[in-house]
J.: 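Provided herewith is a single structure, encoded as structure tokens, for subsequent inquiry.
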2 protein chains.
Amino acid sequence: MGINERKEREKEVLQKSILTAAREVFLEKGFDQTSIRSIAQKIEYSPTTIYLYYKDKDAILFALHSEGFQLLASKMEVLNLVENPLERIKAMGRVYIRFAMEHPDYYDLMFVQKSPMNKLDEDHEVWQEGMSTFDGLKFSVQQCMEQGYLPFNDVEAGSYLLWATLHGMCNLYDRGRCKVLDEEKSEQIVDLAFAEFLKMLDAFGR
Amino acid sequence: MGINERKEREKEVLQKSILTAAREVFLEKGFDQTSIRSIAQKIEYSPTTIYLYYKDKDAILFALHSEGFQLLASKMEVLNLVENPLERIKAMGRVYIRFAMEHPDYYDLMFVQKSPMNKLDEDHEVWQEGMSTFDGLKFSVQQCMEQGYLPFNDVEAGSYLLWATLHGMCNLYDRGRCKVLDEEKSEQIVDLAFAEFLKMLDAFGR
DNA sequence: CAAATATACTTAACACTGTTAAGTTTCCAA
DNA sequence: TTGGAAACTTAACAGTGTTAAGTATATTTG
């Protein structure tokens, strides 16, 4: 009989509407203001109902974190069109920074907050979302090394270095550490620093 | 009469013992567990007494953040012995990473957490601690540019780039994003990436 | 068809958090 | 000795994540 299946579907609907509400609160009010109670209020259920569909708050944040990676991956798709691996890495950097600037909350959840990572530790799972994205970078770095565009010894270490450079620029900016510069310059520092970054990369691009 | 002066001194003593207790809790239990009540318990005063000596929690965290910068500055002192500006920058990087690894909580407070920065926004002050440290980097970058060690257009942008690179490596590591690598490699990734970083710097060191 | 059970959801509560207003104690000066 | 200022505490507010227990509702079973 299809009753159980109908119920299954109904459960899925509520699970998804919880996630939708969580996303709305998260994007409107930010990480700190995303509480179980505020999500519950949005879907007009009691706070405890949420625990029947998600193990805890971290599970919800992990789901949102995964959404962020899907969004980033979609932005990265255009990079397949770039033939030259060094140019592809440069373009990746532009996409990455643009993503961090346009979706600072998603970015924070994906690369800074500890909450979503707790879920992995509990379930002894691997960080698929992060690994897939990093694989994309590694692929291009590998090509660059083979073609003499980059002087790294180790693909993973080199990829991590490039990633960290962009992450550092975005994170310091997001966390207000650009205050080491005057206000005018603060606003454009990420773009300025990225320009210097490209300069360094080009020094090897023969 | 010296009574008022004695009282002044006593107030200062309590203010400092609050900060000491805050530091102890912070270093023992971490940022999240550093609550007003836990600090109060340590000094055996009521939680509200703390508000007679510090405006709010952010003010205490800012004070701890400043301590962190003092500690970092002391570790940076040895760099004055390094004559060559590029070598000095490399050594700065080593000191910076070592500091981040040995004092992850201080590092987080100084460069990641938003809390200490709120104090600046409220009081319309400048970030002296950050600026002083950044000035040290800018000085060496300027020298490197003059002597042809680094190809930057802009001293501040170049300095920010170098800072961001190290910060990114430390922050991604601290926030568990090294999980893109296998466990074995995760542990040494910062050192490995730093080695690649030095390689890139050396490419200009003629 | 009625009783028992399983499902879905809510209420109330616990143990916390930062912060403030009001009340109490302590101490010093007039 | 009394008045008042200063130092400190109590109680409370409004919020947090989370859990145990209770309540309807719907489904299955006798």
Side-chain angles (χ1 to χ4, degrees), chain A residues 1-19 21-22 25-26 28-64 109 113-119 121-122, chain B residues 1-19 21-22 25-26 28-64 109 113-119 121-122:
Chain A
M1 52 195 63
I3 291 180
N4 285 330
E5 283 145 28
R6 192 207 68 211
K7 289 206 162 186
E8 276 289 312
R9 284 200 307 275
E10 283 175 357
K11 286 209 73 169
E12 269 179 43
V13 166
L14 186 45
Q15 175 150 29
K16 279 181 183 167
S17 84
I18 289 171
L19 194 58
V25 174
F26 177 73
E28 280 169 27
K29 317 259 182 180
F31 179 84
D32 291 333
Q33 298 300 315
T34 305
S35 68
I36 296 286
R37 283 173 174 83
S38 64
I39 297 167
Q41 194 172 19
K42 200 138 210 166
I43 54 171
E44 293 177 301
Y45 278 79
S46 89
T48 51
T49 300
I50 291 175
Y51 287 88
L52 302 170
Y53 294 86
Y54 288 93
K55 198 210 153 205
D56 54 19
K57 193 183 173 183
D58 287 342
I60 299 175
L61 292 173
F62 183 85
L64 288 178
L109 208 49
Q113 292 295 339
K114 286 183 175 169
S115 316
M117 290 295 157
N118 294 341
K119 215 221 150 220
D121 295 342
E122 282 171 16
Chain B
M1 52 197 66
I3 291 178
N4 285 330
E5 285 146 25
R6 193 207 67 208
K7 288 204 163 189
E8 276 291 312
R9 283 200 307 274
E10 281 174 358
K11 286 208 76 169
E12 269 179 42
V13 166
L14 186 45
Q15 177 150 27
K16 280 182 180 166
S17 84
I18 289 172
L19 194 59
V25 175
F26 177 73
E28 280 168 27
K29 316 261 183 179
F31 177 84
D32 292 333
Q33 299 299 316
T34 305
S35 67
I36 297 286
R37 282 173 174 83
S38 65
I39 297 167
Q41 194 172 18
K42 200 136 209 166
I43 53 171
E44 295 176 298
Y45 278 79
S46 90
T48 51
T49 299
I50 290 174
Y51 287 88
L52 303 171
Y53 295 85
Y54 289 92
K55 197 208 151 206
D56 54 20
K57 193 183 173 182
D58 287 341
I60 298 175
L61 292 173
F62 183 85
L64 288 179
L109 208 50
Q113 292 295 339
K114 286 183 175 169
S115 316
M117 290 296 156
N118 295 340
K119 215 219 150 223
D121 295 342
E122 282 169 18

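Every heavy atom of this structure was used, including side-chain atoms; hydrogens, water molecules and symmetry mates were not. Numbers restart at 1 for each chain; the letters A, B, ... are given by sequence-line order, proteins then strands.
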J.: Could you check whether Ile60(A) gets within reach of a base, just the sugar-phosphate, or nothing at all, counting any heavy atom under 4.0 Å?
T.: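 The answer is nothing, as Ile60(A) stays clear of every strand by at least 4.0 Å.
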J.: Between Asn118(B) (side chain only) and Asp121(B) (backbone N and O only), is there a donor and an acceptor less than 3.5 Å apart?
T.: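 No.
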J.: Any non-hydrogen side-chain atom of Lys114(B) less than 4.5 Å from a side-chain atom of Asp32(A)?
T.: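 Result no, sub-4.5 Å side-chain heavy-atom pair not found.
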J.: Separation of Tyr53(A) atom OH from dC9(C) atom C1', in whole Å?
T.: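 Result: 8 Å.
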J.: To the nearest 10°, let me know how far the axis at one end of the helix from dC1(C)-dG30(D) to dA30(C)-dT1(D) is tilted from the axis at the other, five pairs an end.
T.: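 That helix has its two terminal axes inclined by roughly 40°.
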J.: Could you pull out all residues at least two apart from Lys57(A) that satisfy salt bridge (charged side-chain N to carboxylate O under 4.0 Å, His left out)?
T.: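 Checked Lys57(A) against salt bridge (charged side-chain N to carboxylate O under 4.0 Å, His left out); zero matches.
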J.: Side chains of Phe26(B) and Ile60(B), heavy atoms from C-beta outward: is any pair under 4.5 Å?
T.: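 Not in contact.
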J.: Send over the distance from Gln15(A) CD to dA8(C) C1', rounded to a whole Å.
T.: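 Gln15(A) atom CD is separated from dA8(C) atom C1' by 15 Å.
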J.: Is Ile39(B) touching bases, backbone alone, or none of the nucleic acid, heavy atoms closer than 4.0 Å?
T.: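 Contact class for Ile39(B): none.
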J.: Atom NZ of Lys11(B) to atom C1' of dA7(D): distance rounded to whole Å?
T.: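 Nearest whole value for this atom pair: 8 Å.
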J.: What one-letter contact string describes nucleotides 14-23 of chain C from 5' to 3', where B marks a base within less than 4.0 Å of any protein heavy atom, S marks contact via sugar-phosphate atoms alone, and - marks no contact?
T.: ---BBBBB--
J.: Any side-chain to backbone donor/acceptor pair from Asp58(B) onto Leu61(B)? Under 3.5 Å, distance only.
T.: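 No, the answer is negative, given that no donor and acceptor are paired below the 3.5 Å cut-off.
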J.: Could you check whether Tyr54(B) gets within reach of a base, just the sugar-phosphate, or nothing at all, counting any heavy atom under 4.0 Å?
T.: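 Tyr54(B): no heavy atom of the nucleic acid under 4.0 Å.
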J.: Check the pair Leu19(A), Tyr53(A) against side-chain contact (heavy atoms from CB on, under 4.5 Å), reporting the backbone distance first and the verdict last.
T.: CA-CA 10 Å; Leu19(A) 194 58; Tyr53(A) 294 86; over 6 Å; no
J.: Please determine if a side-chain N or O atom of Ser46(B) lies less than 4.0 Å away from the OP1 or OP2 oxygen of dT9(D).
T.: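 Answer is yes, contact under 4.0 Å.
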J.: Round to a whole Å and report the spacing from CD of Gln41(A) to C1' of dG15(D).
T.: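 Rounding to the nearest Å, CD of Gln41(A) and C1' of dG15(D) are 13 Å apart.
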J.: Counting N and O atoms only, with roles assigned by atom type, does the side chain of Tyr54(A) sit under 3.5 Å from a partner on the main chain of Gln15(A), one being a donor and the other an acceptor?
T.: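 Present.
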J.: In whole Å, I'd like the distance from the CG atom of Leu52(B) to the P atom of dA6(D).
T.: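 My rounded result for the distance is 13 Å.
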J.: Distance check, rounded to the nearest 0.5 Å: Ser35(A) atom OG versus Ile50(A) atom CD1?
T.: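 Ser35(A) atom OG to Ile50(A) atom CD1 measures 8.5 Å (nearest 0.5 Å).
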J.: Taking atom C1' of dT7(C) as reference, at what distance in whole Å does atom OH of Tyr45(A) sit?
T.: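 That distance rounds to 13 Å.
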J.: Does Gln41(B), at its CD atom, have more than 12 non-hydrogen atoms belonging to other residues, nucleotides or ligands within less than 6.0 Å?
T.: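 Result for CD/Gln41(B): open.
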